[in-house]
Q: 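Dumping the structure here so I can ask a few things about it.
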Amino acid sequence: MVEMLKGIAASDGVAVAKAYLLVQPDLSFQKQTIEDAAAEESRLDDALAASSSELQKIRDKAATSLGEEEAQVFDAHLMVLSDPEMIGQIKTHIQDNKVNAESALKEVTDMYIGMFEAMDDNAYMQERAADIRDVTKRVMAHLLGVKLPNPSMIDEEVVVVAHDLTPSDTAQLDKNFVKAFVTDIGGRTSHSAIMARSLEIPAIVGTMEITSKVKEGDILAVNGIVGETIINPTDEQAAEFVKAGEAFAAQKAEWDKLKDAETVTADGKHFELAANIGTPKDLTGVHNNGAEAIGLYRTEFLYMDSPDFPTEEDQFKAYKAVLEGMGEKPVVVRTMDIGGDKELPYLKLPHEMNPFLGYRALRISLSELGEDMFRTQLRALLRASAYGNLRIMFPMVATLKEFRAAKKMYEEEREKLVNEGVEVSDTIQVGIMIEIPAAAVLADKFAKEVDFFSVGTNDLIQYTMAADRMNERVSYLYQPYNPSILRLIKNVIDAAHAEGKWAGMCGEMAGDQTAVPLLMGMGLDEFSMSATSILKTRSLMKRLTTSEMAELADKALNDCDTMEEVVELVESYVK
């Protein structure tokens, strides 16, 4: 049946392809008494063999796409599948208790998981518990005859449908096959949406009900520009979507002509347009879209894509690749921003009622738990600094004391390396991400000690408005153009300029076509965004004059009471 759903347009582009449900299947079962134990053992053997074959394919693909070291996590899973002691206990449980294979599998593996998890002084054994849990889920799926989704194994053109996509899910998507994705929840600033823009995959989020409406194999027409998707479109509707895709491609071709152009306004003022990246692989998009810098390198993906803490050498190679790839152009690297919705299976963080307001980012780095990890990252960054124009940025800074503590560790590691005879650049800038209102209000004090500010609007807005940016019920409060937000940003820019420092922005607002004229008028120096937003932003800036935008910003800051009034004002200036 043809049905249209509306959502939030999260990443531009249009696609038509069959649906791939990235939804965890129902693995519930009934415990049953059985007569034929041999038949149940045979079912178990078949499920183990199918799981082993599947994992071997996943391991091979991971080795090719991510590297041999990252693929080794699947070796541990394969070892669990062939463990004669555990499998023997499952079969004995089937024989002795006359129960179905599902019940025996759960009983025995739950015992192992509980035993390993109790060894809280042995990290290796606790990791084995996670391995057994993952493998059990795979074997159970085969016993029940249901499909366990795996985004890394997609090998045909599809539209991924999910309740939500984690950063690690999104990082596994191959844009050669994944033509778009649509989710139940999320917003334009959710990590899945940001990654979609980096990968140049059309995306719609926040539809509320896509997973309940779509079946495996349904055809989906997706327009990520306007936020519309049609389930099982008619031939005429599919043709309209294809036509919209062609029109978007033509517009992109026009923007592509600006790839090597300078970012200057109609009255000759230059602004720096930079790209946000997650891995060295994103450099292709950076260059293809004519970025003048990297304004945000999210280093947490180094940690999230690794089965264990990445070594200093691994990090050094990644940072060096990006710095060398950018030549003399600036690269702002954000130190590890783990916590909130970005968890590491090998870093045991406490359960928190509100992790976004809790133990995350620099707060972990400055703690006893995270100090070694932070110092390792600083050493890798300092070593890599000899290969390009490095700027280091600390995230989630609330107080001057935090910045000073982080800067002290940075200086200590720098001194050690210099004493070891390691070449370290003497032009590294050290700044902070402004995402906590307390830091924005105290920007004049911070500006005396930092080299730069970069405003992280995604979190600054949700913290200022006390509204979770992932919660659809309060999504109306995610207001980037609210005068209160604009005043905080203006305070940060003015504080930086008063001390002769520069101010940038690495939140999604930097590439927002309604916000750009306002930010130009406020005097923002650097705009860092998803690489795919750069050329259309350059095109917009070329049509505007700084004097008119300054007038616009002044009116928005002083005359407007609501976000709606600001939007109306911008539309009157930018036609």
Side-chain angles (χ1 to χ4, degrees), residues 22-64 66 68-153 168-169 172 306-308 344-346 348:
L22 188 56
V23 178
Q24 292 302 316
D26 179 9
L27 296 181
S28 60
F29 63 91
Q30 294 292 322
K31 183 177 181 179
Q32 296 176 357
T33 302
I34 53 97
E35 297 294 330
D36 191 346
E40 288 303 299
E41 289 182 44
S42 179
R43 285 183 63 230
L44 176 67
D45 286 336
D46 289 345
L48 291 168
S51 298
S52 181
S53 174
E54 199 171 71
L55 273 173
Q56 190 61 57
K57 289 177 185 174
I58 294 170
R59 191 223 179 279
D60 292 345
K61 182 156 185 176
T64 302
L66 300 174
E68 188 61 34
E69 189 173 339
E70 283 76 6
Q72 286 174 4
V73 66
F74 297 110
D75 289 335
H77 290 194
L78 286 162
M79 285 173 64
V80 171
L81 278 173
S82 59
D83 181 355
E85 184 174 346
M86 189 175 78
I87 294 167
Q89 287 188 39
I90 298 170
K91 291 184 175 180
T92 299
H93 198 83
I94 292 172
Q95 295 163 359
D96 292 351
N97 296 285
K98 301 297 182 190
V99 294
N100 53 335
E102 291 88 344
S103 179
L105 174 69
K106 187 172 189 312
E107 287 284 336
V108 173
T109 55
D110 278 356
M111 179 193 70
Y112 273 91
I113 290 167
M115 183 173 65
F116 287 137
E117 282 185 335
M119 298 179 186
D120 51 16
D121 60 343
N122 189 322
Y124 176 81
M125 287 302 181
Q126 287 194 320
E127 287 170 14
R128 297 294 70 76
D131 291 337
I132 293 171
R133 185 177 284 107
D134 283 353
V135 168
T136 300
K137 187 163 70 172
R138 188 172 300 281
V139 178
M140 188 68 76
H142 282 292
L143 282 172
L144 295 169
V146 297
K147 185 177 178 183
L148 203 61
N150 185 342
S152 69
M153 295 301 290
S168 56
D169 283 336
Q172 293 180 65
S306 174
D308 204 343
L344 302 177
Y346 51 83
K348 301 301 179 187

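Start at 1 with the first residue, then count along the sequence.
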Q: Just so I know, are the side chains of R133 and Y112 near enough to count as touching, which here means a heavy-atom distance under 4.5 Å?
A: no
Q: Is the backbone N or O of Q32 less than 3.5 Å from a side-chain atom of N100, with the two atoms forming a donor-acceptor pair by type?
A: yes
Q: So which heavy atom on A104 is nearest to which on I94, and how close?
A: CB-CG1, 3.5 Å
Q: NZ of K106 to OG1 of T136: how many Å apart, nearest 0.5 Å?
A: 9.5 Å
Q: List, one per line, each side-chain donor-acceptor pair under 3.5 Å for residues 38-45, sequence neighbours excluded.
A:
| residue | atom | partner | partner atom | Å |
| --- | --- | --- | --- | --- |
| E40 | OE1 | R43 | NH1 | 2.8 |
| E40 | OE1 | A101 | N | 2.8 |
| E41 | OE2 | Q95 | NE2 | 2.5 |
| R43 | NH1 | E102 | OE1 | 3.3 |
| R43 | NH2 | E102 | OE2 | 2.7 |
| R43 | NH2 | L143 | O | 3.0 |
| D45 | OD1 | K91 | NZ | 2.8 |
| D45 | OD2 | K91 | NZ | 3.3 |

Q: CG of L55 to CZ of R138: how many Å apart, nearest 0.5 Å?
A: 4.5 Å
Q: Atom CG in L105, atom CD1 in I90: separation rounded to 0.5 Å?
A: 5.0 Å
Q: Apply the test side chain to side chain contact (heavy atoms under 4.5 Å, CB included) to residues M79 and D83: give CA-CA distance (whole Å), side-chain angles for both, the deciding distance (0.1 Å), then the verdict.
A: CA-CA 6 Å; M79 285 173 64; D83 181 355; over 6 Å; no
Q: Please list, chain by chain and in numerical order, all residues satisfying side-chain hydrogen bond (donor to acceptor under 3.5 Å, both in side chains) with D134, sequence neighbours excluded.
A: none
Q: Suppose we screen for side-chain hydrogen bond (donor to acceptor under 3.5 Å, both in side chains). Which residues come up paired with N97, at least two apart in sequence or across chains?
A: H93
Q: With rounding to the nearest 0.5 angstrom, report the OG to NZ distance, S53 to K57.
A: 4.5 Å
Q: Applying side chain to side chain contact (heavy atoms under 4.5 Å, CB included) to I34 and V99, what does each step give before you reach the verdict?
A: CA-CA 5 Å; I34 53 97; V99 294; 5.5 Å; no
Q: With the side chain counted from C-beta on, respond yes when E35 and K98 share a heavy-atom pair under 4.5 Å apart, and no when they do not.
A: no
Q: Should M111 and Q89 be marked as a side chain to side chain contact (heavy atoms under 4.5 Å, CB included) after you check the CA-CA gap, both sets of side-chain angles, and the distance that decides it?
A: CA-CA 11 Å; M111 179 193 70; Q89 287 188 39; 3.3 Å; yes
Q: So, does T92 use its side chain to make a donor-acceptor pair with the main chain of G88 at under 3.5 Å?
A: yes
Q: Could you walk me through whether M86 and V80 pass the side chain to side chain contact (heavy atoms under 4.5 Å, CB included) check?
A: CA-CA 8 Å; M86 189 175 78; V80 171; 3.6 Å; yes
Q: Please report the shortest heavy-atom distance between V146 and P25, naming the atom on each side.
A: CG2-CB, 4.0 Å
Q: Would you name the heavy atoms of S51 and L81 that are closest together and state the gap between them?
A: C-CD1, 3.8 Å
Q: Drop me the distance from F29's CZ to M140's CE, to the nearest 0.5 angstrom.
A: 4.5 Å
